[in-house]
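Reviewing the structure listed below.
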Amino acid sequence: MMSFRRAGLLALALAVPLIALAPLPDFWITQLNTIGLYSLTCLGLVLLTGVGGLTSFGQAAFVGIGAYTTAWFTLNTGISPWLTLFIGLGITAASALLIALITLRMSGHYLPLATIAWGLSLYYLMGNLDALGKYDGLLGIRSLSLFGFDIGTGRGFFVLTWALVLMLAVALLHLLDSRAGRAIRALKGGSQMAESMGINTFRFKVTIFLIAAMYASVSGWLFAHFQRTVNPTAFGLKMGIEYLFMTVIGGVGHVWGALMGSALTKLLDDQLQVLLPRLIGTSGSYEVIVFGMALVLVLKYLPDGLWDFVERRLPRRQRVQDWTHAPALPEKQKPTAGELLLDVQAVRKAFGGLVAVNDISFQIHAGQIVGLIGPNGAGKSTTFNLITGVLSLTQGAVRFRGELISGQPARNIAQTGMARTFQHVKMIPDMTVLENVALGAHARGRKGVLSAMARLDRTEEKSLFKEAQRQLERIGMGEHLHELAGNLAMGPQRLLEIARALCTDPALLLLDEPAAGLRHKEKQALTDVLRQLQREGMSILLVEHDMDLVMEVCDKLVVMEFGTRLMEGTPAEVQQSPAVRAAYLGTEH
Ligand code: ADP
Ligand code: MG
């Protein structure tokens with residue numbers, strides 16, 4: 001049976017030719033055309049800002065590049081507008097790439113500020129270049145035609161624009177539901193978790209910046225042939241802000257929010273422009289004031305936009321589990337039992353004057369569960385982060401399976417077969433458990449953004465989900481596959497993280513306080529999982545506060561105090577050590 005969402009999409013696709021044929025006044029067709037043009041730019045913003053968490057006020061500038069490129073080339077050369085679309089896309093991509101490489105490493109407010117600067121400078125560039133007609137712009141651009149039919153205005157243009165809007169919206173939906181899409185959805189929560197799953201977060205940021213810019217560029221291309229004139233006003237900072245505004249009102253996190261926001265803004269804008277001066281009695285841009293207030297209200301009461309309100313009332317998408325026969329993902333060769341796996345050699349970390357980790361050394365052999373314990377502030381998490389590459393070493397070396405890994409970025413270390421969980425659970429709450437866990441298998445897949453958009457990634461996608469399901473079932477989480485991760489209790493959240501780590505196909509698992517915040521029963525379930533993994537030959541480094549758990553599952557303990565190694569031994573030896581007792585009694589009540 002066709003899903004509800006598929007049916008909705010089909011209805012939309014059928015609506016386009018029906019509207020084009022319907023005896024609607026031309027005014028409404030023109031309105032719909034403008035809404036379509038806005039929607040294209042807003043779709044890009046959904047990906048960039050709503051999903052990826054990168055705010056841009058500069059999208060109008062990319063619309064401008066698309067528009068000016070086609071205007072200039074069709075006016076000054078004989079090149080067909082169907083080709084200038086691609087020239088425009090090329091120029092857009094090149095400039096977006098340049099901006100991305102300069103600004104996307106900046107954090108916090110710098111990116112939005114940089115996009116403002118970019119929007120302003122392009123506006124003045126367009127307004128000052130003789131070749132682009134300065135502030136008057138370029139006039140007399142020809143309209144589009146296809147096989148002799150004029151599709152530059154009215155109904156022909158309507159069909160072209162909305163076919164593009166729907167196509168690019170669907171491409172975006174496809175992208176968000178893919179290996180690359182999950183990586184993109186992980187960006188907003190900070191890069192640490194994604195990088196630990198072997199994901200190059202910077203590359204994905206650049207990619208979504210490029211895609212958003214190119215969506216805007218397509219809109220600009222259409223705009224130029226629709227208006228048949230271009231001038232800088234349509235591409236200035238004010239428009240850049242308005243695009244963001246429309247997207248936020250519609251629902252910046254939802255693909256359909258882009259369309260809803262564009263439609264609402266355009267329609268409301270028109271009504272208010274007529275209505276307000278009449279009400280107030282004088283003319284002026286009062287609609288801007290009303291919009292400002294509307295935005296504040298939406299942000300306060302519907303921070304996820306109007307579409308979110310609709311989305312909550314729609315049936316949730318059910319994933320059809322059709323991957324039982326999908327090929328299994330390739331696996332790395334596993335170490336033989338007893339082989340030296342991890343060799344931590346006198347690692348040191350100084351934070352300014354504080355030596356948080358002071359020449360710590362220990363080894364893990366394949367099949368062992370080693371516990372790293374010590375009072376609060378002893379340096380356990382820091383040691384953990386030195387091994388996984390989250391922090392850089394001040395001194396020392398870490399070898400994994402004979403290879404020097406210290407100094408490498410976290411995502412490379414993750415790909416050598418070391419997988420970790422986080423002391424504070426890091427997951428994507430609005431993705432299902434299965435999707436979250438599939439993120440762990442990212443580095444074992446290959447399909448990128450373009451295959452995802454064209455839906456050419458389904459075979460690999462099935463393999464990824466099959467693996468995610470297998471790992472979840474392996475640790476007793478088979479009942480939670482399709483739940484939203486954000487709805488899980490603490491115990492299952494911790495297990496989700498373990499399943500995600502297992503999905504990377506690790507030889508060594510590193511768990512940072514997996515029992516923290518767990519209730520007794522959940523702790524028992526965790527103990528069972530760790531025991532089972534050990535029986536299956538998995539090696540584990542366990543940083544843990546809970547002494548019962550540590551004593552129960554560990555083969556060997558390394559005790560830290562004030563950054564140094566207090567002792568190393570079996571759980572029984574450690575329990576009997578007066579020094580360890582003193583350390584714990586001295587710092588804990
Ligand atoms: P544990 O995990 O054993 O509780 P940590 O490794 O988190 O201990 O911390 C060890 C010491 O290093 C603490 O004194 C802590 O305050 C300090 N520390 C940890 N991270 C940082 C940091 N990023 N900057 C400065 N000091 C830090
Ligand atoms: Mg800690």
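Order of listing sets the numbers, starting from 1, for every ligand and every atom in it.
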- Are any of the protein's heavy atoms under 4.0 angstrom from atom 16 (O) of ligand 1, yes or no?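 Not a single protein heavy atom is under 4.0 Å away.
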
For [X], I'd like to know if atom [atom1] has over 12 heavy atoms of other residues, nucleotides or ligands within 6.0 Å.
X	atom1	answer
L299	CG	yes
F309	CZ	no
R319	CZ	yes
E331	CD	yes

Looking only at protein heavy atoms, identify the closest one to [atom] and say how far it is in Å.
atom	result
atom 7 (O) of ligand 1	S381 CB, 3.7 Å
atom 23 (N) of ligand 1	F351 CE2, 3.4 Å
atom 12 (O) of ligand 1	A356 CB, 3.3 Å
atom 5 (P) of ligand 1	T382 OG1, 3.6 Å
atom 10 (C) of ligand 1	G377 O, 3.4 Å
atom 8 (O) of ligand 1	G379 N, 3.2 Å
atom 14 (O) of ligand 1	L354 CD2, 3.8 Å

Would you say the side-chain atoms of [X] and [Y] include a donor-acceptor pair closer than 3.5 Å?
X	Y	answer
R420	N385	yes
S381	Q423	yes
D555	Q534	yes

- Item | Location of contacts on V357 toward ligand 1, heavy atoms closer than 4.0 Å |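 Within the 4.0 Å criterion, V357 makes no contact with ligand 1.
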
- Item | ligand 1 N/O within reach of A378 N/O, cut-off under 3.5 Å |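 The answer is yes, given that A378 and ligand 1 share an N or O pair closer than 3.5 Å.
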
- Any nitrogen or oxygen of Q423, main chain or side chain, under 3.5 Å from a nitrogen or oxygen of ligand 1?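 No, since none of the N or O atoms of Q423 sits under 3.5 Å from an N or O of ligand 1.
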
- Anything under 30° is parallel, anything over 60° is perpendicular, the rest tilted; go ahead and classify W118 against F62.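 W118 and F62: tilted rings.
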
- Task: Below 4.0 angstrom from a heavy atom of N376, which ligand 1 atoms are there? Numbered from 1 as shown, please.
- Result: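 Listed by number with element: 4 (O).
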
- Item | Three-point angle S381:OG, the Mg ion (ligand 2), Q423:OE1, rounded to the nearest 10° |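 Taking the Mg ion (ligand 2) as the apex, I get 70° for this pair.
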
- Please tell me if the side chains of V344 and Q363 come closer than 4.5 Å, counting only heavy atoms from C-beta onward.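 Side chain of V344 against side chain of Q363, heavy atoms only: no contact under 4.5 Å found.
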
